[in-house]
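Position 1 is the first residue of the sequence, and the numbers go up from there. Quantities reported herein were computed from a predicted structural model and do not represent experimental measurements.
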Amino acid sequence: MRETRVRRDGGTGRGGRERLVRLLPPLFAAVLAADLLALLAGSGVGHAVAKPLLMPLLAAYAALRGAPRTLVAALLFGWGGDVFLLLDAEWAFLVGMGSFAAGHVCYLSLFGRARTSPLLGAGYGVALVAVVLLLWPDLPASLRIPVAGYSLLLTAMAYRASGLGAAAGAGGALFLLSDSLIATGVADWPQAPVPDFWIMLTYGAAQYLLATGVLMSSSAGRPLPTGPAAASSRGARPRS
């Protein structure tokens with residue numbers, strides 16, 4: 001009798017977990033849609049409520065899918081960046097950028113030595129140099145070096161993401177696009193209508209595609225990271 005009850009309880013637990021795993025992606029999409037609608041409507045309160053929910057939902061989904069801990073950490077660092085960038089202060093911008101940078105380091109450790117295209121790398125390199133040179137004169141002096149260093153790390157992440165396949169590669173490219181839109185705003189360049197809408201649209205899609213790419217690679221048994229950081233993970237103005 002006890003064995004039967006344990007099996008039923010275990011089955012119920014697994015079933016609940018599976019339902020939650022199925023529920024979280026559409027919930028993430030719904031919250032992202034709510035955030036985008038709030039931005040279109042000019043609702044700062046709606047944006048401030050919806051934006052900080054995005055990365056915890058995605059991190060919970062990754063964790064329930066058995067993702068490497070490094071992926072969960074990357075998403076939570078993204079959450080930290082999201083929260084700090086809601087504050088309208090230069091120090092908060094720098095802290096938020098640092099949090100996103102830590103997330104990129106996590107992603108780079110996940111991508112490991114996956115094979116990538118040298119031609120794509122050259123393209124990313126040219127884009128990095130061109131963007132930094134063009135933005136440099138218009139950036140506040142106190143942000144020039146931090147933005148340039150962050151841009152180098154972000155571009156490396158975007159390039160290395162392509163080694164995990166199309167989903168992760170597209171996610172890396174969209175992350176680079178999203179942060180480039182932010183950088184042009186910091187430099188006071190002309191902006192598209194409702195620029196925060198496009199920033200959050202590309203950012204939300206980027207993080208989802210990166211997480212999906214890592215999960216697909218992990219479940220397919222493709223190599224993720226190597227070394228001590230990977231062993232522990234297996235054991236177990238960036239956005240406006």
[Y] side chain reached by [X] side chain, heavy atoms, under 4.5 Å:
{"X": "L58", "Y": "W79", "answer": "no"}
{"X": "L181", "Y": "P195", "answer": "no"}
{"X": "F100", "Y": "M157", "answer": "no"}
{"X": "R65", "Y": "V21", "answer": "yes"}

Given M97 and F84, is the side chain to side chain contact (heavy atoms under 4.5 Å, CB included) satisfied, shown in steps?
CA-CA 9 Å; M97 187 165 60; F84 277 106; over 6 Å; no

Should [X] and [Y] be counted in the same cluster of Ile, Leu, Val, Met, Phe, Trp and Tyr side chains packed under 4.5 Å apart?
{"X": "V72", "Y": "F28", "value": "no"}
{"X": "L128", "Y": "V131", "value": "no"}
{"X": "L53", "Y": "I199", "value": "yes"}
{"X": "M55", "Y": "L20", "value": "yes"}
{"X": "V49", "Y": "L39", "value": "no"}

In short, side-chain hydrogen bond (donor to acceptor under 3.5 Å, both in side chains) pairs touching residues 31-45 with sequence neighbours left out are D35-H47

With sequence neighbours left out, write down each residue that passes side-chain contact (heavy atoms from CB on, under 4.5 Å) with [X], or none if nothing qualifies.
{"X": "L120", "result": "S117, Y124, Y159, S162"}
{"X": "L201", "result": "L36, F197, W198"}
{"X": "V105", "result": "L153"}
{"X": "V126", "result": "none"}

Backbone N or O of [Y] within a donor-acceptor pair of the [X] side chain at under 3.5 Å?
{"X": "T116", "Y": "R160", "answer": "no"}
{"X": "R115", "Y": "L164", "answer": "no"}
{"X": "R17", "Y": "L64", "answer": "yes"}

Kindly give the heavy-atom pair with the smallest separation between [X] and [Y], and that separation in Å.
{"X": "D82", "Y": "K51", "value": "O-NZ, 3.4 Å"}
{"X": "V83", "Y": "P52", "value": "CG2-CB, 4.3 Å"}
{"X": "A158", "Y": "G172", "value": "CB-O, 3.3 Å"}
{"X": "A48", "Y": "L86", "value": "O-CD1, 4.2 Å"}
{"X": "A38", "Y": "G46", "value": "CB-C, 3.8 Å"}
{"X": "L71", "Y": "A62", "value": "CD2-CB, 4.0 Å"}

Report all side-chain donor-acceptor pairs from residues 133-147 shorter than 3.5 Å, counting only partners two or more places apart or in another chain.
| residue | atom | partner | partner atom | Å |
| --- | --- | --- | --- | --- |
| D138 | OD2 | W189 | NE1 | 2.8 |
| S142 | OG | E90 | OE1 | 3.4 |
| S142 | OG | E90 | OE2 | 2.7 |
| R144 | NE | W136 | O | 2.9 |
| R144 | NE | L139 | O | 3.2 |
| R144 | NH2 | P137 | O | 3.3 |

To the nearest 0.5 angstrom, please state how far the [atom1] atom of [X] sits from the [atom2] atom of [Y].
{"X": "L85", "Y": "D196", "atom1": "CG", "atom2": "CG", "result": "10.5 Å"}
{"X": "L32", "Y": "L57", "atom1": "CG", "atom2": "CG", "result": "10.5 Å"}
{"X": "L154", "Y": "L176", "atom1": "CG", "atom2": "CG", "result": "5.0 Å"}

Under 3.5 Å, which donor-acceptor pairs link side chains of residues 204-215 to any protein atom two or more places apart or in another chain?
| residue | atom | partner | partner atom | Å |
| --- | --- | --- | --- | --- |
| Q207 | OE1 | Y107 | OH | 2.7 |
| Q207 | NE2 | Y203 | OH | 3.3 |
| T212 | OG1 | Y208 | O | 2.8 |

Under a side-chain separation threshold of 4.5 Å, the hydrophobic residues clustered together with F77 are none

